[in-house]
Amino acid sequence: MKIFVLTGAGISAESGLGTFRDKDGVWTRYDLSEVATPEGFARDPAKVRAFYNARRANLAEASPNAAHVALARLEAALAARGGDLWLCTQNVDDLHEKAGSRRVVHMHGELAVTRCAHCQALRPDPGPLTAEAVCEACGRDGGARPHVVWFGEMPLHMDAIEDALAEADLFVSIGTSGSVYPAAGFVTEARAMGVATCEINLEPSANAYVFGEKHYGPASEVVPAWVERVLNGL
Ligand code: BJW
């Protein structure tokens, strides 16, 4: 069995990382055009760096919850039985890796990686972003930005994602509002290709009507129960 799992901010909510569009979400406190667009960074890089430095500090304190752990267990169990879990996350946190998932595709990038805006060189770096940092690859300063995909930028690994979707037997979406494209369109693509679809969320997402199977409740409870059912059914 080949399962494609797409995760969003909701899977990390119970680990203390804020979601974006819920009540008290990140976008209720910050203007996304100021902190999550290339134009916002060009206008006020100090404000954008401060926003992401606070997020990096928050992430350093966070631990995976039972939902992340269950998906790592599912990956190992499927592999042992000749199946495959293809885990694609919109999240820029590293909680899937911390829970033990071996292959995680970060389509919106990684918070604890720094990218040089001048030469695009990447460097693992959980510390604060500063204007003074000199890029080891091109020798220029002033270019340090988080390796995250902002609005208007192309998400990462899209070719591999499309291939994995086409090969899946089941598409499962966990903890995402279904409002940010292209990820929000994966369920429609999956359905068009005859792939079974399942939504797991606290409440119905914007495109809940497209999913064949649906389970609602906190990810830390619903995901482990769903994984148990999948493994019992193999
Ligand atoms: C729980 C829970 C619990 C809570 N248990 N569940 C007009 C129409 C269509 C598209 C566009 C348009 N205008 C512009 C666009 C394109 C734009 C877009 O989609 N905009 C929309 C807002 C309309 N997209 C882009 O610009 C993307 N690039 C692009 O399209 O390039 C061109 C292209 C063309 C063709 C092919 C491919 C590409 C880039 C998008 C970049 C998104 N970046 C961000 C910021 C990342 C960095 C950072 O973290 O700061 O990514 S925005 C933010 O939203 C973040 C997330 O990954 C993303 C999705 O959020 P998510 O995960 O859905 O979170 P929430 O908060 O929205 O929802 C949480 C959910 O969890 C809720 O449903 C809760 O119920 C649930 N939940 N607690 C279970 N305990």
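As the structure lists them, so they are numbered: ligands from 1, and atoms in each ligand from 1. In what follows, every heavy atom counts, from backbone to side chain, and hydrogens, waters and symmetry copies are set aside. Positions are given from 1 along the sequence.
- The protein heavy-atom contact nearest to atom 31 (O) of ligand 1 is Glu153 O, 3.3 Å.
- Close N/O approach between Pro182 and ligand 1 is not found [any backbone or side-chain N/O within under 3.5 Å].
- The shell of residues lying under 4.0 angstrom from ligand 1, judged by heavy atoms, includes Gly152.
- Glu14 places no side-chain N or O within donor-acceptor distance of the main-chain N or O of Ile11, the cut-off being under 3.5 Å.
- At least one heavy atom of Ser179 sits closer than 4.0 Å to an atom of ligand 1.
- Between Gly217, Gly18, Gly10, it is Gly10 that holds the heavy atom closest to atom 3 (C) of ligand 1.
- Where the criterion is an N or O separation shorter than 3.5 Å, residue side chain and backbone included, Val92 fails it with respect to ligand 1.
- Of the protein's heavy atoms, Tyr181 CD1, 5.0 Å lies nearest to atom 8 (C) of ligand 1.
- Using modelled atom types and a 3.5 Å distance limit, the side chains of His68 and Ser101 yield no donor-acceptor pair.
- For Val180, heavy-atom contacts with ligand 1 shorter than 4.0 Å involve the backbone as well as the side chain.
- With a heavy-atom cut-off of 4.0 Å, Gln90 touches ligand 1 through backbone and side chain alike.
- In this structure, atom 35 (C) of ligand 1 has its sub-4.0 angstrom surroundings free of protein heavy atoms.
- At a distance under 4.0 Å, a protein heavy atom can be found next to atom 55 (C) of ligand 1.
- With a 4.0 Å heavy-atom cut-off, ligand 1 is reached by the backbone of Ser177 and by its side chain too.
- In summary, the atoms of ligand 1 found under 4.0 Å from a heavy atom of Ala13, numbered by their order in the structure, are 78 (N).
- Using a 4.0 Å heavy-atom cutoff, Pro155 is listed among the residues neighbouring ligand 1.
- Of the listed options Leu202, Asn201, Asn91, Asn201 places a heavy atom closest to atom 76 (C) of ligand 1.
- Closest to atom 17 (C) of ligand 1 among all protein heavy atoms lies Phe151 CD2, 3.9 Å.
- Side-chain atoms of Glu75 come within 3.5 Å of backbone atoms of Arg102 as a donor-acceptor pair (strictly under, hydrogens ignored).
- Between Trp27 and ligand 1, not a single N/O pair is under 3.5 Å apart.
- Using a 4.0 Å cut-off between heavy atoms, Thr176 contacts ligand 1 through both its backbone and its side chain.
- Considering only non-hydrogen atoms, atom 49 (O) of ligand 1 lies nearest to Arg55 out of His108, Lys23, Arg55.
- The ligand atoms of ligand 1 that sit less than 4.0 angstrom from a heavy atom of Tyr52 are 47 (C), 48 (C), 50 (O).
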